[in-house]
Amino acid sequence: MGSRSIKIVEIEKYKKSFILNNYIIIELEESQQLPFLLETSQIYEENLAKVLEAGLKEFKTKDVVYSIPSLYYFYTNFSLPYIPLNAIKNAINFEYRKYLPIGYEKFDIEWRNIKYTPFNLEGQDKWLIFFTAIPESYLNKIKNISSLNKINFKKAYSEFFSLEVFFKEFKENLILIDIGYSYSFALLVKEGQIIHCQKLKFTIKDIIQIFSNVMSVNRKEAEGIFFKKGFNILPEEIDLKKIIDEIIDNFSLDILKLKDTLENNFNIKINLIYLKGGITLANGFLENLTTRLKNIPLAVFNPLNNLVITNDNIKDKNIGTILVQSIGACIKFLSG
């Protein structure tokens, strides 16, 4: 469930493989978008259930898992002494509460732990903990939505750990950058585990607002123009080209700074940077970015290229980069 659209996929496990049988992307109008519904409506469950109702008719299965946007849960890093593995669970259950609002409700917790040597402190090993905490009240809303749509709620995962399943076999260190409509983030994957998240300023919503301002059109018109033009701005469109070039320049610098910071803080070498999301399909986006980041291995992450099989009904393989979280949540559940 994203802030601008909801992606629904139907995944089948077949032997050791996973098959994408069907998908749908439900574009949300401004009054339907999740932050608006959650903040302004007392009947959030009913409103969102109505949005999902038509889309869910396209699918055979009634068993559903959810990938929860990071807007609706807590996450952070903290460190622990390098205690025995069998003592970590109790230590985390005690420690994580320090990072949540006092007197808050119950949470659904998931974490990763990895051995970590602080920079310039050789021999002082610690456990680095990355954890997510989904409020139980939000999970209850999701369960109510499932009940209203007569589907079987199976599980809800943070969108971060919905992504992790694709990198279990990776031995290299990588960054996964998710560029969303209203928020973006970068995840550090080390030894096949997500161990850190960092928010990014670069969003599709801000780019569309720039198109709106420069071209003196409303947001809906600006969105249509952006989806058509992307980042291939004509030289004669001087004002717009100048601003878009500056945005790509700044985003490129942000990626360089992010890479350097993570390498220094975690004392590692980043081998690959993956990009995902609909913006990677925008005209000229990848070309403009790779031109500025020639010495960094950049690639679009798409599970349909080699990790997930598609049936004959799925014609557009590029859609996989938009469906990563929803596919990942299904695979995580089906993998046990």
Side-chain angles (χ1 to χ4, degrees), residues 68 70 73-102 104 106-135 157-178 184-200 254-276 295-299 301 307 324-325 328-329 331-332 335-336:
I68 307 298
S70 59
Y73 56 84
F74 299 94
Y75 61 91
T76 194
N77 283 101
F78 60 83
S79 61
L80 291 173
Y82 195 60
I83 57 178
L85 270 172
N86 59 9
I88 282 184
K89 182 176 180 179
N90 287 338
I92 291 173
N93 283 333
F94 174 79
E95 185 72 14
Y96 84 80
R97 300 179 189 280
K98 298 178 183 179
Y99 300 90
L100 300 176
I102 296 174
Y104 211 75
K106 294 181 180 179
F107 295 88
D108 184 67
I109 303 297
E110 188 169 4
W111 73 81
R112 299 293 178 266
N113 56 277
I114 194 165
K115 185 180 177 182
Y116 167 66
T117 303
F119 184 66
N120 287 337
L121 292 176
E122 198 70 31
Q124 298 185 33
D125 295 337
K126 292 180 177 292
W127 287 114
L128 177 70
I129 311 298
F130 177 66
F131 86 100
T132 62
I134 304 176
Y157 301 110
S158 69
E159 64 180 340
F160 301 156
F161 292 134
S162 297
L163 295 165
E164 190 182 60
V165 294
F166 299 111
F167 306 107
K168 288 294 185 183
E169 305 303 320
F170 276 57
K171 303 301 180 185
E172 299 177 318
N173 303 311
L174 63 93
I175 297 171
L176 175 64
I177 296 177
D178 185 311
S184 301
F185 58 81
L187 297 172
L188 174 61
V189 182
K190 186 177 188 296
E191 298 174 14
Q193 296 188 101
I194 290 173
I195 62 167
H196 178 72
C197 175
Q198 188 164 322
K199 292 180 180 179
L200 301 175
D254 286 344
I255 291 176
L256 285 172
K257 290 177 184 175
L258 174 69
K259 178 178 179 290
D260 290 344
T261 299
L262 292 178
E263 287 183 334
N264 290 332
N265 289 350
F266 291 91
N267 195 23
I268 58 174
K269 175 68 176 175
I270 302 296
N271 306 104
L272 177 64
I273 297 178
Y274 271 130
L275 304 164
K276 66 167 288 294
N295 298 323
I296 295 180
L298 285 175
F301 183 72
L307 298 172
V324 177
Q325 267 104 339
I331 292 176
K332 183 176 172 68
S335 299

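Hydrogens, waters and symmetry mates are skipped; everything else that's a heavy atom, side chains included, is used.
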Is the charged tip of Lys126 near the ring of Tyr116: under 6.0 Å from the six-membered ring centre and within 45° of its axis?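 Cation-pi check for Lys126 and Tyr116: fails.
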NZ or CZ of Lys190 within 45° of Phe266 ring axis and under 6.0 Å: no
What heavy-atom pair brings [X] and [Y] nearest, and what distance separates the two atoms?
{"X": "Asp125", "Y": "Lys115", "value": "OD2-CE, 3.0 Å"}
{"X": "Trp111", "Y": "Ile92", "value": "NE1-CD1, 3.0 Å"}
{"X": "Gly328", "Y": "Val165", "value": "O-CG2, 3.6 Å"}
{"X": "Leu307", "Y": "Phe301", "value": "CD1-CZ, 3.8 Å"}
{"X": "Tyr157", "Y": "Ser162", "value": "CB-OG, 3.6 Å"}

If only atom types and distance count, is the side chain of [X] paired as donor or acceptor with the main-chain N or O of [Y] below 3.5 Å?
{"X": "Glu110", "Y": "Phe161", "answer": "no"}
{"X": "Trp127", "Y": "Ile83", "answer": "yes"}
{"X": "Asn173", "Y": "Ile268", "answer": "no"}
{"X": "Gln325", "Y": "Glu159", "answer": "no"}
{"X": "Asp178", "Y": "Ser184", "answer": "no"}

Specify whether Phe107 and Phe74 have parallel, tilted or perpendicular ring planes, treating 30° as the upper limit for parallel and 60° as the lower limit for perpendicular.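 The rings of Phe107 and Phe74 stand perpendicular, inter-plane angle above 60°.
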Aromatic rings Phe131 and Tyr96: how do their planes relate, parallel, tilted or perpendicular, breaks at 30° and 60°? tilted
Close side-chain approach of [X] and [Y], heavy atoms under 4.5 Å:
{"X": "Leu176", "Y": "Lys276", "answer": "yes"}
{"X": "Thr76", "Y": "Phe130", "answer": "no"}
{"X": "Phe160", "Y": "Leu187", "answer": "yes"}
{"X": "Leu128", "Y": "Ile195", "answer": "yes"}
{"X": "Val324", "Y": "Phe166", "answer": "yes"}
{"X": "Leu298", "Y": "Leu272", "answer": "no"}
{"X": "Leu200", "Y": "Asp254", "answer": "no"}

Check step by step if side chain to side chain contact (heavy atoms under 4.5 Å, CB included) holds for Leu262 and His196. CA-CA 9 Å; Leu262 292 178; His196 178 72; 3.6 Å; yes
Could you name each residue pair satisfying salt bridge (charged side-chain N to carboxylate O under 4.0 Å, His left out) that touches residues 78-97, not counting sequence neighbours? Glu95-Lys98
One pair to check against ring pair (Phe, Tyr, Trp, His ring centres under 6.0 Å): Phe185 and Tyr75. What are the steps and the verdict? CA-CA 12 Å; Phe185 58 81; Tyr75 61 91; 8.0 Å; no
Roughly how far, to the nearest 0.5 Å, is the CD1 atom of Ile175 from the CG atom of Leu188?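 Nearest 0.5 Å value for the CG-CD1 distance: 6.5 Å.
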When rounded to the nearest 0.5 angstrom, what is the spacing between CD in Glu164 and OG in Ser158?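 Rounded to the nearest 0.5 Å, the CD-OG separation comes to 8.5 Å.
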Verdict with supporting geometry, Thr132 and Ile68, side chain to side chain contact (heavy atoms under 4.5 Å, CB included): CA-CA 11 Å; Thr132 62; Ile68 307 298; over 6 Å; no
Test log, rule side chain to side chain contact (heavy atoms under 4.5 Å, CB included), inputs Glu191 and Lys171: CA-CA 5 Å; Glu191 298 174 14; Lys171 303 301 180 185; over 6 Å; no
Give the intermediate values and the outcome of side chain to side chain contact (heavy atoms under 4.5 Å, CB included) for residues Gln198 and Leu258. CA-CA 9 Å; Gln198 188 164 322; Leu258 174 69; 3.5 Å; yes
Applying side chain to side chain contact (heavy atoms under 4.5 Å, CB included), name anything that partners Val189, two or more places apart in sequence or on another chain.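 Val189 satisfies side chain to side chain contact (heavy atoms under 4.5 Å, CB included) with Phe167, Leu174, Ile194 once adjacent residues are dropped.
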For Lys269, is there an ion pair with Glu172 - N to carboxylate O distance below 4.0 angstrom?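 Answer for the salt bridge query: no.
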